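Just below is one structure, and these are the notes that go with it.
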2 protein chains.
Amino acid sequence: MTTRRGRPPQGVLSRERILLAGLALVDEEGLAAVSMRKLAARLGVDPMSLYNHVDGKDALLDGIAEVLLAAIPAPPADADLRGTMSALAHGFRAAMLGHPRAAPLVLTRRLASMTALAPVEAVLAPLLAAGYPPDRAVHGLRAVLAFLIGTLMREVEAAPTLGGSGRRLADLSASGLPAVAAAAPYLAVCDHEAEFEFGLRIMLDALGEP
Amino acid sequence: MTTRRGRPPQGVLSRERILLAGLALVDEEGLAAVSMRKLAARLGVDPMSLYNHVDGKDALLDGIAEVLLAAIPAPPADADLRGTMSALAHGFRAAMLGHPRAAPLVLTRRLASMTALAPVEAVLAPLLAAGYPPDRAVHGLRAVLAFLIGTLMREVEAAPTLGGSGRRLADLSASGLPAVAAAAPYLAVCDHEAEFEFGLRIMLDALGEP
DNA sequence: ACCTGAACACCGTTCAAGT
DNA sequence: ACCTGAACACCGTTCAAGT
């Protein structure tokens, strides 16, 4: 996020400028609309110029995902274990909801870079400090992360809400499926905030004691 | 999965044949390699012929997702609530792992069709029968589903495993991140089966009593 | 009703050329 | 070192034509 030290940005282009413009493009037009050519046009540059700073479209998307990941704030230093875990989960959520159309890049891609390990360190460090053996720490982290990814995919409209897409209450009641019809009023709406807190509490409770 | 009754398949093509060929194409070459033209070639047909049976590429992918969803078996009729929920979760997992490269179609798309509601009915019915009020049934179902989606995305290589992609133990130890290094042996491997059972137990326990 | 093929408006990326 | 633009091998989909 800070400007690169050392070499001044002599050209018009830089990896950072490209990634930020890419994120803006995703925010405005959605993932499906991203193309190297459109991004180049937005930067006033020949499409092939991007390849001097980025390794291709896939690497561009990975880079945008890393920009998003980097926006997760560090948890307050004085928090206890549960407070730390909760702060990180909420920070992750806020980072994704800040760029809902780009969030699937983080949620559905396997990032290979070092910067993707920073959040792992942020979660693992307090668990180990609290006395969790490393195997249990990793185990618990994976369960929490699976829940977070599934929940955020739903919030971000990339996964089923139940009651599929923008299904109407009337459609559900008239579906001919008795249980669906009976629960229709609840299937038709989804309080994301409440679902998130409900599930997060379950997962953090399940971590138990070291 | 059964052959369409009523009108015989007079042409070479039918929606069903197209969807099955599409699924086979995804299985063999992956989602990114799917194109209307390649699928048509595989069926020995002009690309535009597909449009007589399928509404475009997006509808094709939705259709393939529905084929996958339809493969979830009904739970045994004599099981208790927990057994029913567990059977459905395992059936869902098996259906996804049977076609890992196609699974993201189910896990990351919002299906609008009626057939996507069948699994919802299958889960909701036993919960309501067991006496759960509909709001709590939907609530619990959503939490379980978020966990399932997140876990399966990881199993299917579409979401972070932690220790990013095919990260080597040595890389993790040398990452310079102390907690990551300490937990490296556990980050480097992932027993999907165990993670799934661990998380599923947590979620089913959290459902509590009606 | 279904199938065809030409055509349009796009893609990502390679390569040779410029500065 | 960085930027350019022509070219290649693809896309999804519209449309007019065939049967």
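Below, chain A is the first sequence line, B the second, and so on; all start at residue 1. Computed from a prediction, not measured in an experiment: that's the story for all the values here.
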Handout entry: Separation of A:Ser173 OG from A:Arg168 CZ (nearest 0.5 Å)
Key = 12.5 Å
Problem - Atom-pair distance (CG on A:Asn52; P on D:dT4), nearest Å - result: 9 Å
Problem - Contact list for DNA chain C against residues 23-37 of chain B - heavy-atom distance below 4.0 Å - result: B:Arg37
Practice task
Only counting residues at least two apart or in another chain, list the ones meeting side-chain contact (heavy atoms from CB on, under 4.5 Å) with B:Ala181.
Solution key: none
Practice task
Provide, to the nearest angstrom, the distance between the CG atom belonging to A:Asp46 and the P atom belonging to C:dC11.
Solution key: 14 Å
Fill in the blank from the handout: Taking C:dT13, D:dT4, D:dG12 as options, the one with an atom nearest any side-chain atom of A:Lys57 is C:dT13
Handout entry: Exercise: do A:His192 and A:Glu197 side chains pair donor with acceptor under 3.5 Å
Key = no
Practice task
Would you check if the distance from the ring center of A:His139 to the ring center of B:Tyr186 is below 6.0 Å?
Solution key: no
Practice task
Could you verify whether a donor N or O on one side chain and an acceptor N or O on the other, from B:Glu195 and B:Thr151, lie under 3.5 Å apart?
Solution key: no
Completion exercise
Any strand, both distances under 3.5 Å, Watson-Crick or G-U wobble: D:dG18 pairs with C:dC2
Fill in the blank from the handout: As its Watson-Crick or G-U partner within any shown strand, both distances under 3.5 Å, D:dG12 has C:dC8
Handout entry: Within 6.0 angstrom of A:Asp55 CG, more than 12 heavy atoms from elsewhere
Key = no
Practice task
State which of D:dT4, C:dC3, C:dC11 makes the closest approach to the side chain of B:His53.
Solution key: C:dC3
Practice task
To the nearest Å, give me how far apart CG (B:Asp55) and P (C:dC2) are.
Solution key: 14 Å
Handout entry: Distance in angstrom units between B:Lys38 NZ and D:dG12 C1', rounded
Key = 14 Å
Practice task
Give a yes or no answer on whether the side chain of A:Thr108 reaches the backbone of A:Leu105 with a donor-acceptor pair at less than 3.5 Å.
Solution key: no
Handout entry: Protein-nucleotide distance (A:Leu13, atom CG; D:dT4, atom P), rounded to Å
Key = 8 Å
Completion exercise
Nucleotide by nucleotide, nucleotides 14-19 of chain C touches protein heavy atoms under 4.0 Å in the pattern (B base, S sugar-phosphate only, - none) BB----
Problem - Donor-acceptor contact below 3.5 Å, side chain B:Arg110 vs main chain A:Glu157 - result: yes
Fill in the blank from the handout: The nucleotide from C:dC11, C:dC3, D:dT4 with an atom nearest the side chain of A:Ser49 is D:dT4
Exercise for the section: Ignoring hydrogens and angles, tell me if any N or O in the side chain of B:Arg37 forms a donor-acceptor pair with the backbone of B:Met48 under 3.5 Å. Expected result: no
Handout entry: Distance in angstrom units between A:Leu50 CG and D:dT4 C1', rounded
Key = 12 Å
